Number of protein chains: 2
Amino acid sequence: MKARAPAAIVKKRGVTIHAVARQAGVSISTVSRIINGSAYVAEDKRRAVEAAMQALGFQPNYLAKTLMTGRSMSIGVIAEDIVSPHYADVIRGIEHALLDTPYNPVVNSGHWSRTYETRAIETQIYRHVDGLLLLGSTLPDDALLDVASRVPLVMFGRVVPGLEAHCLSMDQRRGAYLATRHLIELGHRAIVHLGGPALQQDALERRHGYRQALLDNDLPVRPDLELTGDFIEQPAYQALLHLLETRVPFTAVFAANDQMAAGARLALHRKGLRVPDDVSLVGFDDVPASAYTIPPLTTVRQPTYHIGQGLATHLLNVVQGRPSQLPAFELSLVIRESTRVLR
Amino acid sequence: MKARAPAAIVKKRGVTIHAVARQAGVSISTVSRIINGSAYVAEDKRRAVEAAMQALGFQPNYLAKTLMTGRSMSIGVIAEDIVSPHYADVIRGIEHALLDTPYNPVVNSGHWSRTYETRAIETQIYRHVDGLLLLGSTLPDDALLDVASRVPLVMFGRVVPGLEAHCLSMDQRRGAYLATRHLIELGHRAIVHLGGPALQQDALERRHGYRQALLDNDLPVRPDLELTGDFIEQPAYQALLHLLETRVPFTAVFAANDQMAAGARLALHRKGLRVPDDVSLVGFDDVPASAYTIPPLTTVRQPTYHIGQGLATHLLNVVQGRPSQLPAFELSLVIRESTRVLR
DNA sequence: CTGTTAGCGCCTTCAC
DNA sequence: GTGAAGGCGCTAACAG
């Protein structure tokens, strides 16, 4: 007579294929075959097994299955920050693309931190995701190459040498160029650039585009008009407020993303300046909310939802060994009502 | 001599405890004991094993481990919609609370659909999450009770009879009451309510609160001032635009969430009405962006980030068998600049 | 077509 | 303290 663990700790064992097999009077392999459709099974046995599964409420054990097959039918998604509306919209596209497939997304944030991002990646790999989708990354190239050697990897917003075929990145520089040129065409000459984090790749590209547009139009690149933010509202608000207080004259602002544009917008409001009558304002990303700001924001559109779909579809193809190519997406200037001709 | 599968399909086997054991000259049980600290092991063997693990880059197999122990060290999080800024902020709180624990969040969207939500829940359970956190739910009470019988469940934004101790829900009615009363105190008498989906519980509660405030102040409940939206901008915009075109007079709008307030704001703008000079506007939720609208939005604040932390902490306690109680949170009216005294 | 037989990588008694 | 042996639930050859 064996001593048993206290009842409270006894593992609740589920019903297994053994139980189903016994109930249906067949062997476990037959049950397995029916579950996975991996071979033809006589009609009568199939029915018996199906009835047994039904009656017992059988559910195959995911862990045992994955342990055997090596496939978990899940796709890891790690965004710098789930909360950012920009990434959120990409995630929406990914989720929708996966909805009608047997794969499930598993999403986490990297919190803009190498430590946390690394941990998230390791955890996902540890959990045996079949593929990994990185939306932005703070990790160095070699770390990403290492990750790619361990699991199929597709990246957004970053081009890693050696992984080009699986990196989707749009021409940020061109987007910024379009935005800045738009302002110049409206007659603006003193254009503030509210840039993103000093080391972030997209932020750098956008700054380049801004400068290039100035240069191409014989306008000076003025350090006093280049501000640095953090892709969120508050620091942008502060930075622009500070600039306004120094009384450096300008007539337009190009913010490196929509959230910073919102911060800038409020700073202008605080100083009694109207958009677009006193100052024109352009953002970047076209997050969903930007169509509803007052006035609706002129911005550079990244088709984030479709990008998400494209990323997911491509990764799925790769995971399943199908030939695939990442689709190309274009940045475009969406002219709404926050910009106008300089009077 | 056995035939082997083609090299290309050969599973890349990782290094297992067997390899470590061999390398260290001990048995696999000893290795297991060291990994889990489940028993004392002689110092020299411990060192040998640790060296071997290091040298081989050993990583325990999550699936095998979970298959044995029944614990996956993961917490499922299912939000109606990850993309909604409201839920996103709750998720942020959850992620942060879990950061310093051995548990990892696994987040998915229910897409405001019973089908998808059910699928997400089943998938998570199938993946053996140790606990489940539902942020909103479209499922009927009995379905949720059933889920709770299979896995530790904590809910936000919904009170399920029989699960009260694990349901966190704030007094939506009171929040709406505060908002409406604020408008009334400012002198408004014709107050439009831009409500949420007709069947959604929070939406209903908020509508009740709105009506109650009117009644308590001897103001009539007027069906022509009650609009229905969908918790997003576009339908709200349309609805209010339509109302404005029917020329029903009103001086204030109470929207059932901030996103609808943004839609309403644009409709007013389109008709040349200024906020708050011509019309006062109040929202609900206080999503991060609302502090940066023009003018900054008066709204009912739900401390979403802290709620997320509270939910996660409680669930963790439950999962680990510690006594725990869900913290209580208060709704509060944040008065910013979108409301003013009726002239 | 179907049953038998090995494992997948790990944890956990059970003897020593 | 430590090793051997037996599963966890399932898939995948291998023989019939």
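What you see is a predicted model; the values in this text were computed from it and never measured. A, B, ... follow the sequence lines: proteins, then strands. Residue 1 opens every chain.
The nearest heavy atom of DNA chain D to A/F58 and to A/R33 marks one nucleotide each, and the one closer to the 5' end goes with A/F58.
B/N61 has its CG atom 6 Å from the C1' atom of C/dG9, to the nearest Å. In this structure, B/L67 atom CG and C/dC11 atom C1' are separated by 10 Å, rounded to whole Å. Distance, B/I34 CD1 to C/dC10 P: 14 Å, rounded to whole Å. Put simply, OH on B/Y40 is 16 Å from C1' on D/dT2, counting in whole angstrom units. When rounded to the nearest whole Å, the span between OH of A/Y62 and C1' of D/dC8 equals 16 Å. Rounded to whole Å, the distance from CZ on B/R22 to P on D/dG3 is 15 Å. Put simply, CG on B/D44 is 11 Å from C1' on D/dG1, counting in whole angstrom units. To the nearest angstrom, P of C/dC11 lies 9 Å from CD1 of B/I28.
Side-chain nitrogen and oxygen atoms of B/S32 include at least one within less than 4.0 Å of the OP1 or OP2 phosphate oxygen of C/dC11. For the OP1/OP2 pair of C/dG3 and a distance below 4.0 Å, the side-chain nitrogens and oxygens of A/K45 include at least one atom meeting the criterion. Checking the phosphate oxygens (OP1, OP2) of D/dT11, a side-chain nitrogen or oxygen of A/K65 falls inside 4.0 Å. Contact annotation: A/N36 reaches the phosphate of D/dT11 (side-chain N/O to OP1 or OP2, under 4.0 Å).
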If a pair means Watson-Crick or G-U wobble with both distances below 3.5 Å, what does DNA chain D look like in dot-bracket form, with | marking bases paired to a different strand?
||||||||||||||||

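The aromatic rings of B/H111 and B/Y116 sit perpendicular, their planes meeting at an angle over 60°, well past the 30° parallel limit. Relative ring orientation between A/F156 and A/H86 is described as tilted, the plane-to-plane angle lying within the 30° to 60° band.
Counting heavy atoms from C-beta on, the side chains of B/L144 and B/S137 come closer than 4.5 Å. Between A/M155 and A/V160, some side-chain heavy-atom pair lies under the 4.5 Å cut-off.
In summary, the side chains of A/Y62 and B/R127 do present a donor paired with an acceptor at a separation below 3.5 Å, with no hydrogens or angles considered.
Nucleic acid contact class of B/T30 (heavy atoms, under 4.0 Å, all strands): sugar-phosphate only. Backbone-only engagement by A/T16 is indicated by non-hydrogen atom pairs under 4.0 Å involving sugar-phosphate atoms exclusively. Within 4.0 Å (heavy atoms only), B/L63 reaches no atom of the nucleic acid at all. Contact annotation for A/I35: no contact, since no heavy-atom pair falls under 4.0 Å across all strands.
Here A/K65 contributes atom NZ and B/L67 contributes atom CG; the two are 14.0 Å apart, rounded to the nearest 0.5 Å.
At least one donor-acceptor pair under 3.5 Å links the side chain of B/R114 to the backbone N or O of B/T138. One N or O on the side chain of B/S109 and one on the backbone of B/I82 form a donor-acceptor pair closer than 3.5 Å.
If you check D/dG7, D/dG9, D/dG3 against the side chain of B/S29, the one that comes closest is D/dG3. Checked against C/dT12, D/dT11, C/dG3, the side chain of B/M68 finds its nearest nucleotide in C/dT12.
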